Amino acid sequence: MATIQAMYHMNRKANFLFFLFSLLFLDINGQSVLNYNKRFVECEDKWVALNATKDSSHPYGFIYIDAMAGLTLHYEGNFIIDENGKFVVQKLMDNGAYKVRLEANNVNVAIIPASRYSELNITDPPDWLHNYKTTSDSIGRMVRWGYFYNHWGESAKALTFLEKAYQLDPGYKGIAFELSYAYNALEQFDKAIPVLEKAIAANPEECLLYKELSFTQIFLNQLDKAGESCHKGIKHCEDKKMKAEIAYNLAYTYFIKKDKTNFDSWASETKKWADPGERFSNNIALMEKEINK
């Protein structure tokens, strides 16, 4: 009797271990096929799968950039991974697809391997994508794409568009600011300065250029030059909020350095343009209180 019980428990344990092994195998298999390690902004012109839903199906679609809407998911439907590891379409959108505007967040998706396209009956690129690529070589498109990637915190990617556009037409509207912004974001400050100085000479009324130039000079610790840039920007700029921001950046810099004389000067300049109760005014008041202790 003891022997029968022992065999029963051994078989039960063996079955249980086999069950666990099967689950582990499927999990490893699924993970090896779908690696959820990419953010939306890293998946332009890629077929991607989202994490499985409660019914173990994976929403999937194609990520591309719409010139007006920005990063967009062309949601195709859902698929499951069967016991053999095959991708099986479970649900397709009734009207072919659904467009979802995406935010540049930290949600991770998996790029679908090309070896699985036939199982999902998809092609790379999809037939409809050419409608969004008609101006792929235009300077305007490259500047727009550079703006998108700068906005999403992907300035290295932005440079791949902006440097090419700048070589073609350095005077194109918006190119100097976006290019210098990308350089500054990547701490390539020495590259930003000639771009900004050239743009300011051609467009002395463009406020953003002064803000970006003074920002660059502050980070290079060229504070006298930053002061000159701020004064010029405030003189030429008509936007009060921009004047306040340009002055505030230098005031904050001197506050951090505990340079009370220069802080007081730029704090006073900030208060000329910042509305009472507004963020810059409130912050200056707090800094004044602290530096006067």
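Throughout, residue positions are numbered sequentially from 1 according to the sequence presented. What you are looking at is a predicted structure, and each value in this text was computed from that prediction instead of being measured.
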Is it true that the side chains of [X] and [Y] contain a donor and an acceptor less than 3.5 Å apart?
| X | Y | value |
| --- | --- | --- |
| Asn292 | Lys260 | yes |
| Ser155 | Asn150 | yes |
| Glu44 | Tyr149 | yes |
| Glu163 | Tyr183 | yes |

Do the side chains of [Y] and [X] get nearer than 4.5 Å, heavy atoms only?
| X | Y | result |
| --- | --- | --- |
| Cys43 | Val109 | yes |
| Trp47 | Leu120 | no |
| Tyr181 | Leu208 | no |
| Asp45 | Ile63 | no |
| Glu212 | Asn184 | yes |
| Ile65 | Thr72 | no |
| Asn105 | Arg39 | no |
| Lys99 | Tyr64 | yes |

Polar side-chain atom of [X] near backbone of [Y] as donor-acceptor pair, under 3.5 Å:
| X | Y | answer |
| --- | --- | --- |
| Ser268 | Asp264 | no |
| Thr253 | Asn249 | yes |
| Glu278 | Phe280 | yes |
| Arg144 | Ala67 | yes |
| Asp82 | Lys86 | yes |
| Thr270 | Tyr248 | yes |
| Arg101 | Gly70 | no |
| Ser281 | Gly277 | no |

Considering all heavy atoms, the nearest [X]-[Y] contact:
| X | Y | result |
| --- | --- | --- |
| Ile246 | Cys207 | CD1-O, 4.2 Å |
| Leu209 | Asn203 | CD1-O, 4.1 Å |
| Tyr36 | His58 | OH-ND1, 2.9 Å |
| Asp169 | Ile175 | O-CG2, 3.9 Å |
| Ile218 | Ala226 | CG1-CB, 3.9 Å |
| Lys289 | Lys293 | O-CG, 3.4 Å |

Please determine whether the number of non-hydrogen atoms from other residues, nucleotides or ligands lying under 6.0 Å from atom [atom1] of [X] exceeds 12.
| X | atom1 | answer |
| --- | --- | --- |
| Tyr166 | OH | yes |
| Phe161 | CZ | yes |
| Asp55 | CG | yes |
| His151 | NE2 | no |

Quick one: [atom1] on [X] to [atom2] on [Y], what's the gap to the nearest 0.5 Å?
| X | Y | atom1 | atom2 | result |
| --- | --- | --- | --- | --- |
| Tyr60 | Leu73 | OH | CG | 11.5 Å |
| Thr216 | Phe189 | OG1 | CZ | 7.0 Å |
| Lys225 | Ile193 | NZ | CD1 | 7.0 Å |
| Leu159 | Gln188 | CG | CD | 6.0 Å |
| Lys157 | Glu42 | NZ | CD | 10.0 Å |
| Glu245 | Tyr252 | CD | OH | 14.0 Å |

*Under the side chain to side chain contact (heavy atoms under 4.5 Å, CB included) criterion, do Gln90 and Phe79 qualify, and how do the steps go?*
CA-CA 5 Å; Gln90 184 187 44; Phe79 68 87; 5.7 Å; no
*With Glu288, which residues qualify under salt bridge (Lys or Arg N to Asp or Glu O under 4.0 Å), at least two apart?*
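Glu288 satisfies salt bridge (Lys or Arg N to Asp or Glu O under 4.0 Å) with Lys271 only.
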*asked:* Suppose we screen for side-chain hydrogen bond (donor to acceptor under 3.5 Å, both in side chains). Which residues come up paired with Lys164, at least two apart in sequence or across chains?
replied: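 If we apply the side-chain hydrogen bond (donor to acceptor under 3.5 Å, both in side chains) test to Lys164, skipping adjacent residues, there are no hits.
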Kindly list each side-chain donor-acceptor pair under 3.5 angstrom involving residues 237-244, sequence neighbours excluded, with atom names and distances?
unit_1	atom_1	unit_2	atom_2	d
Asp239	OD1	Lys241	N	2.9
Asp239	OD1	Met242	N	3.3
Lys243	NZ	Ile234	O	2.3
Lys243	NZ	Cys237	O	2.6

*Phe215 and Phe219 aromatic ring geometry - parallel, tilted or perpendicular at 30°/60° bounds*: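 Answer is tilted, since the angle falls between 30° and 60°.
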*Where at least one partner belongs to residues 119-128, residue pairs that pass side chain to side chain donor-acceptor pair (under 3.5 Å), sequence neighbours excluded*: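 For residues 119-128: His74-Trp128, Arg116-Glu119.
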*Could you walk me through whether Arg141 and Lys133 pass the side chain to side chain contact (heavy atoms under 4.5 Å, CB included) test, one step at a time?*
CA-CA 9 Å; Arg141 182 183 184 277; Lys133 300 291 185 180; 3.4 Å; yes
_Determine whether Phe62 and Val48 satisfy the following criterion, side chain to side chain contact (heavy atoms under 4.5 Å, CB included), listing intermediate values before the conclusion._
CA-CA 6 Å; Phe62 191 85; Val48 302; over 6 Å; no
*Decide yes or no on side chain to side chain contact (heavy atoms under 4.5 Å, CB included) for Leu34 and Phe87, but give the supporting numbers first.*
CA-CA 11 Å; Leu34 294 175; Phe87 288 14; 4.0 Å; yes
*Sorted by first residue and then second, give each salt bridge (Lys or Arg N to Asp or Glu O under 4.0 Å) pair with at least one member in residues 189-202; sequence neighbours left out.*
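Residue pairs with at least one partner in residues 189-202: there are none.
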_Linked hydrophobic residues, Ile80 as query - side chain contacts closer than 4.5 Å_ =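 Answer for Ile80: Val88.
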